[in-house]
Amino acid sequence: MKIAVLGTGGGARAHIARLAGLGHEVHVGTRDPQATLARTEPDTMGTPPFKPFLADHPGIELHTFGDAAAASGRLVISGIDGHNAVAALTRIADQLTDKTLIDYAVPFVYQHTAEHPWPTPWGIMPRLDPCDTDSLAEQIQRALPETKVVKSFVTQEQTTVVNPKTVGNGDHTMFVAGDHMDAKQQTTDLLTSYGWSDVLDLGPLVCARGMEMYAHMHSAIGFGLGQQFGGHFGIRVVR
């Protein structure tokens with residue numbers, strides 16, 4: 001299958017490598033391919049430059065966001081950060097028409113002043129915007145009415161999403177939400193190929209609000225486990 005992954009950060013790279021390993025034709029999108037390949041320093045999250053990663057994964061093609069989306073079949077995974085996602089995806093709306101777009105971004109605002117800040121190992125905990133009365137996924141869907149947006153992957157580190165058996169032999173739960181049953185089934189099928197055996201459909205896309213707001217709980221659990229960055233654990237819904 002031809003699948004586009006938009007983004008070149010650590011999470012996107014987890015999907016790129018896993019999809020290629022599963023035999024998919026992977027098209028990677030970035031804002032400026034030349035600038036991405038020219039970088040020689042880690043990004044703000046400490047992720048190494050993309051060029052050596054690309055060299056280690058022959059067959060992966062790097063494009064602009066729009067060209068990557070156009071080259072995909074019916075599935076696009078967005079790793080674009082929450083602050084820039086709506087604007088970046090709106091610019092390539094035509095290339096995303098009739099396609100499933102899996103969004104896993106958290107709408108974090110990193111530079112903010114909090115009356116009661118939450119200190120973390122990397123500074124003040126980011127705040128969520130939107131929160132409660134809207135979600136990033138819903139904003140994307142409103143901006144892209146001809147695209148089938150699914151929220152998923154967001155309750156886990158992406159390295160665990162693509163290889164769930166690294167935690168508890170895979171005995172934990174992944175979630176999907178969206179307004180299009182066929183797109184959610186496509187997402188579930190991809191998760192099954194990654195190794196997930198428990199995928200819970202939360203219902204319509206409005207449920208993305210709960211998944212995005214869970215990001216703070218995910219951090220809190222990680223801190224409680226002594227995992228200062230990321231989180232190597234899973235959660236399971238016991239029926």
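- Although no hydrogens or angles enter the test, the distance criterion places a donor-acceptor pair under 3.5 Å between the side chain of Lys184 and the main chain of Gly178.
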Are Asp171 and Arg236 close enough, and set up right, to give a side-chain contact (heavy atoms from CB on, under 4.5 Å), and what steps lead you there?
CA-CA 7 Å; Asp171 188 25; Arg236 179 167 180 79; 3.3 Å; yes

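- When side chains are defined from C-beta on, Thr8 counts as touching Leu62, because their heavy atoms get closer than 4.5 Å.
- Leu6 and Ile16 fall into different hydrophobic clusters, where Ile, Leu, Val, Met, Phe, Trp and Tyr residues are linked whenever their side-chain heavy atoms come under 4.5 Å apart, directly or through other members.
- Expressed to the nearest 0.5 Å, how far CG of Leu200 lies from OG1 of Thr173 amounts to 7.0 Å.
- When atom types are taken as modelled, the side chain of Gln158 and the backbone of Gln156 share a donor-acceptor pair closer than 3.5 angstrom.
- A salt bridge links Glu138 and Arg209; the closest N-O separation between the charged side-chain nitrogens and carboxylate oxygens is under 4.0 Å.
- Following chains of ILVMFWY side-chain contacts shorter than 4.5 Å, one cannot reach Met181 starting from Val176, and the two form parts of different hydrophobic clusters.
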Could you walk me through whether Leu89 and Ser78 satisfy the side-chain contact (heavy atoms from CB on, under 4.5 Å) test, starting with their C-alpha distance in whole Å, then the side-chain angles of each, then the deciding distance to 0.1 Å, before giving a yes or no?
CA-CA 9 Å; Leu89 294 169; Ser78 177; 4.1 Å; yes

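- Closest approach of Ala137 and Ala208 over heavy atoms only: CB-CB, 3.7 Å.
- A salt bridge links Asp129 to Arg127: one of the charged nitrogens lies within less than 4.0 Å of a carboxylate oxygen.
- Side-chain contact between Thr64 and Pro33 is present, with at least one heavy-atom pair separated by less than 4.5 Å.
- A donor-acceptor contact shorter than 3.5 Å links the side chain of His216 to the backbone of Pro126.
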side-chain contact (heavy atoms from CB on, under 4.5 Å) for Leu202 and Met211? Distances and angles first, verdict last.
CA-CA 10 Å; Leu202 298 178; Met211 279 193 273; 3.9 Å; yes

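- Residues Pro117 and Pro119 come closest through the heavy atom pair O-CD, 3.4 Å.
- Within the model, atoms OG1 of Thr90 and CG of Leu144 stand 5.5 Å from one another, a figure rounded to the nearest 0.5 Å.
- Counting heavy atoms from C-beta outward, Leu225 and Phe233 have side chains that approach closer than 4.5 Å.
- Formation of a donor-acceptor pair under 3.5 Å by the Arg74 side chain with backbone atoms of Asp98 is found in this model.
- The neighbour count for His63 NE2, taken as heavy atoms of other residues, nucleotides or ligands under 6.0 Å away, is above 12.
- The nearest pair of heavy atoms linking Val162 to Thr159 is CG2-O, 3.5 Å.
- Between Arg18 and Tyr194, the shortest heavy-atom distance links the atoms NH2-O, 3.0 Å.
- Within the 4.5 Å cutoff, the side chain of Ile77 has heavy atoms near those of the Leu19 side chain.
- Transitive grouping of hydrophobic side chains (ILVMFWY, heavy atoms separated by less than 4.5 Å) keeps Met213 and Leu136 in distinct clusters.
- Met1 is not listed as a side-chain neighbour of Glu25, based on a closest heavy-atom distance of 4.5 Å or more.
- Here the straight-line distance linking atom CD of Gln186 with atom CG of Leu191 works out to 11.5 Å at 0.5 Å rounding.
- For the residue pair Ile80 and Ala105, the shortest heavy atom distance occurs at O-CB, 3.4 Å.
- The structure places CG of Leu190 at 5.5 Å from CD1 of Ile102, a figure rounded to the nearest 0.5 Å.
- A parallel orientation is assigned to the rings of His15 and Phe153, their planes being inclined by less than 30° (bins at 30° and 60°).
- Atoms SG and CG, from Cys207 and Leu205 in turn, are 8.5 Å apart once rounded to the nearest 0.5 Å.
- Counting only distance, with no hydrogens or angles, the side chain of Thr47 and the backbone of Asp43 share no donor-acceptor pair below 3.5 Å.
- In this structure, Val106 is a member of the same hydrophobic cluster as Tyr214, with clusters built from ILVMFWY side-chain heavy atoms closer than 4.5 Å.
- The closest side-chain heavy-atom distance from Val150 to His180 is not below 4.5 Å.
- Asp134 and Arg142 are joined by a salt bridge, as a carboxylate oxygen and a charged side-chain nitrogen come within less than 4.0 angstrom of each other.
- In the hydrophobic clustering of this structure, Val28 groups with Tyr104; members are Ile, Leu, Val, Met, Phe, Trp, Tyr whose side-chain heavy atoms approach within less than 4.5 Å, directly or through other members.
- Listed for the Arg31 side chain is no donor-acceptor partner under 3.5 Å among the backbone atoms of Phe65.
- Salt bridge status for Lys151 with Glu212: present, with a side-chain N to carboxylate O gap under 4.0 Å.
- Ring geometry for Tyr110 against Phe108 counts as perpendicular: the plane angle is over 60°, on a 0 to 90° scale with 30° as the lower cut.
- Between Ala71 and Lys2, the shortest heavy-atom distance links the atoms O-CD, 3.5 Å.
- Ser152 places a side-chain N or O within donor-acceptor distance of the main-chain N or O of Phe175, the cut-off being under 3.5 Å.
- Between Arg239 and Asp198 a salt bridge is recorded (basic side-chain N to carboxylate O distance below 4.0 Å).
- His172 places a side-chain N or O within 3.5 Å of a backbone atom of Pro164 that can act as its donor or acceptor partner.
- Considering only heavy atoms from C-beta on, Pro130 comes within 4.5 Å of Pro107 through its side chain.
- Within the 3.5 Å criterion, the main-chain N or O of Leu96 finds a donor-acceptor partner in the side chain of Thr147.
- Side-chain contact check for Ile3 versus His27: every heavy-atom pair is 4.5 Å or farther apart.
- Side-chain atoms of Arg39 never come within 3.5 Å of backbone atoms of Pro49 as a donor-acceptor pair (strictly under, hydrogens ignored).
- Annotation: the span from Gln185 atom CD to Asp201 atom CG amounts to 9.0 Å, rounded to 0.5 Å.
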